[in-house]
Amino acid sequence: DFRPDDVHDEYQKTADWLRSQTKHRPQVAIICGSGLGMLADALKCQDSFAYSDIPGFPQSTVQGHAGRLVFGELKGKTCVCMQGRFHMYEGHSLCKTTFPVRVFKLLGVKTLIVTNAAGSLADGLQPGDIMIIKDHVNFPGLVGLNPLSGPNDDKFGPRFPAMSDCYNKDLRCLAMEIAKQMGVASLVQEGVYAMVGGPNFESIAEAKLLHQLGVDAVGMSTAPEVVVATHCGLRVFGLSLITNKVVKSYEDSDSVNHEGVLEVGRLRSQTVQQLVTELISRMDINNNSTNNTV
Ligand SMILES: O=P(O)(O)O[C@H]1O[C@H](CO)[C@@H](O)[C@H]1O
Ligand SMILES: Nc1nc2[nH]cnc2c(=O)[nH]1
């Protein structure tokens with residue numbers, strides 16, 4: 001039988017193991033999207049662990065996701081960075097895809113930064129642009145595929161958490177200000193991210209539907225991590241690197257592929273890294289969210 005206390009123990013065991021292996025006590029966690037693993041390179045005094053060595057951790061199976069957890073210092077703040085995330089389409093349960101988020105909470109993390117590669121539906125978003133995530137549409141969640149399904153673990157958060165302000169407004173404003181100061185404001189705008197299950201990319205009819213619904217960018221990750229983070233009171237900042245236009249016309253002969261997605265990640269790696277580094281450097285580390293009990 002499913003017993004919440006036992007499940008809580010699993011997160012705690014992993015957190016305890018990590019604490020025994022590193023002196024770093026992270027305040028900020030970063031999840032690297034496809035092709036964005038270089039975000040960890042900026043960390044100083046690194047301690048890194050292959051996922052295969054971490055008790056309870058799932059394994060990364062997707063190219064462009066190294067499968068390593070890296071701890072280190074960044075501009076006076078202690079960070080932990082997932083070089084490789086877990087996706088539902090890899091066959092992981094949603095509980096497993098979001099497992100690290102609760103481990104981060106137990107490690108003392110207050111702020112989660114999620115990044116991803118995404119295809120754009122909005123006409124104003126071009127490959128290479130950065131979309132600051134203002135909100136999401138969690139398609140799997142809408143039909144009941146939700147990491148919070150099952151008995152609620154009150155130690156982490158409430159049964160019915162609000163999702164109306166899950167992407168922190170202050171951090172969004174700060175990121176925009178930083179983009180202006182970096183001289184890259186023309187590449188950065190806010191938008192709505194939608195998560196679909198994948199692993200196939202969108203059909204044209206699906207792309208048209210998403211566009212009509214007001215979705216700006218689409219990918220196969222992020223929303224479950226943000227739901228779990230918000231449930232346990234973490235402050236969240238999210239960004240999508242736009243790696244391709246989603247084909248939404250039968251006349252268009254373009255076609256998306258994962259290699260192309262990774263290539264745009266490489267091309268924009270420096271800008272994304274600089275933006276995230278500056279954001280971490282300038283963010284107020286004290287998070288006022290209170291809906292957590294861990
Ligand atoms: O969301 P991330 O992990 O950045 O990866 C995105 O890129 C992959 C497809 O190229 C999919 O996994 C999609 O979700
Ligand atoms: N679903 C989806 N995921 C992506 N990840 C990167 N590009 C895309 C895309 O066009 N569609």
Check against side-chain contact (heavy atoms from CB on, under 4.5 Å), R102 and H231: CA-CA 10 Å; R102 285 185 167 179; H231 177 251; 3.4 Å; yes
Chi angles and distances behind the side-chain contact (heavy atoms from CB on, under 4.5 Å) call for I280, C79: CA-CA 9 Å; I280 291 173; C79 302; 4.1 Å; yes
From CA spacing to verdict: side chain to side chain donor-acceptor pair (under 3.5 Å), T61, E90: CA-CA 7 Å; T61 66; E90 292 175 82; 2.5 Å; yes
Verdict with supporting geometry, L74 and T277, side-chain contact (heavy atoms from CB on, under 4.5 Å): CA-CA 7 Å; L74 191 64; T277 302; 3.9 Å; yes
Evaluation steps, side chain to side chain donor-acceptor pair (under 3.5 Å), between S221 and N116: CA-CA 7 Å; S221 70; N116 60 54; 4.6 Å; no
Test side chain to side chain donor-acceptor pair (under 3.5 Å) applied to H24 and E73, step by step: CA-CA 8 Å; H24 291 300; E73 302 291 329; 3.2 Å; yes
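The environment of E259 atom CD is dense: over 12 non-hydrogen atoms of other residues, nucleotides or ligands sit within 6.0 angstrom.
Donor-acceptor pairing under 3.5 Å is lacking for the side chains of S48 and R68.
Taking all atoms of both residues into account, the shortest heavy-atom contact from N146 to L148 is OD1-N, 2.8 Å. Closest heavy-atom contact between I31 and M82: CG1-SD, 3.9 Å. Closest non-hydrogen pair, A117 versus T243, comes out as CB-CG2, 3.7 Å. Here the shortest heavy-atom pairing between Q83 and V70 reads OE1-CG2, 3.8 Å.
Under the salt bridge (Lys or Arg N to Asp or Glu O under 4.0 Å) criterion, E177 pairs with R282, not counting sequence neighbours. The salt bridge (Lys or Arg N to Asp or Glu O under 4.0 Å) check on K180 picks up nothing, with sequence neighbours excluded. Here K77 pairs with nothing under the side chain to side chain donor-acceptor pair (under 3.5 Å) rule; sequence neighbours left out.
Atom CG of residue L145 and atom OG of residue S93 lie 11.0 Å apart, to the nearest 0.5 angstrom.
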Scan the side chains in residues 121-135 for donor-acceptor partners under 3.5 Å anywhere in the protein, sequence neighbours excluded, and list what turns up.
unit_1, atom_1, unit_2, atom_2, d
D123, OD1, K248, NZ, 3.3
Q126, NE2, D123, O, 3.1
D129, OD2, Q126, N, 2.8

Just list the side-chain donor-acceptor pairs under 3.5 Å for residues 162-171, sequence neighbours left out, or say none.
unit_1, atom_1, unit_2, atom_2, d
Y167, OH, H136, ND1, 2.8
N168, OD1, D170, N, 3.1
N168, OD1, L171, N, 2.9

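Separation of the Y11 and F156 ring centroids falls under the 6.0 Å cut-off. A distance of 6.0 Å or more separates the ring centres of W17 and F57.
Using a 30° and 60° split on the angle between ring planes, F86 and Y51 fall in the tilted class, from 30° to 60°.
Within the structure, ring pair (Phe, Tyr, Trp, His ring centres under 6.0 Å) pairs that include any residue of residues 191-229 do not occur (at least two apart or interchain).
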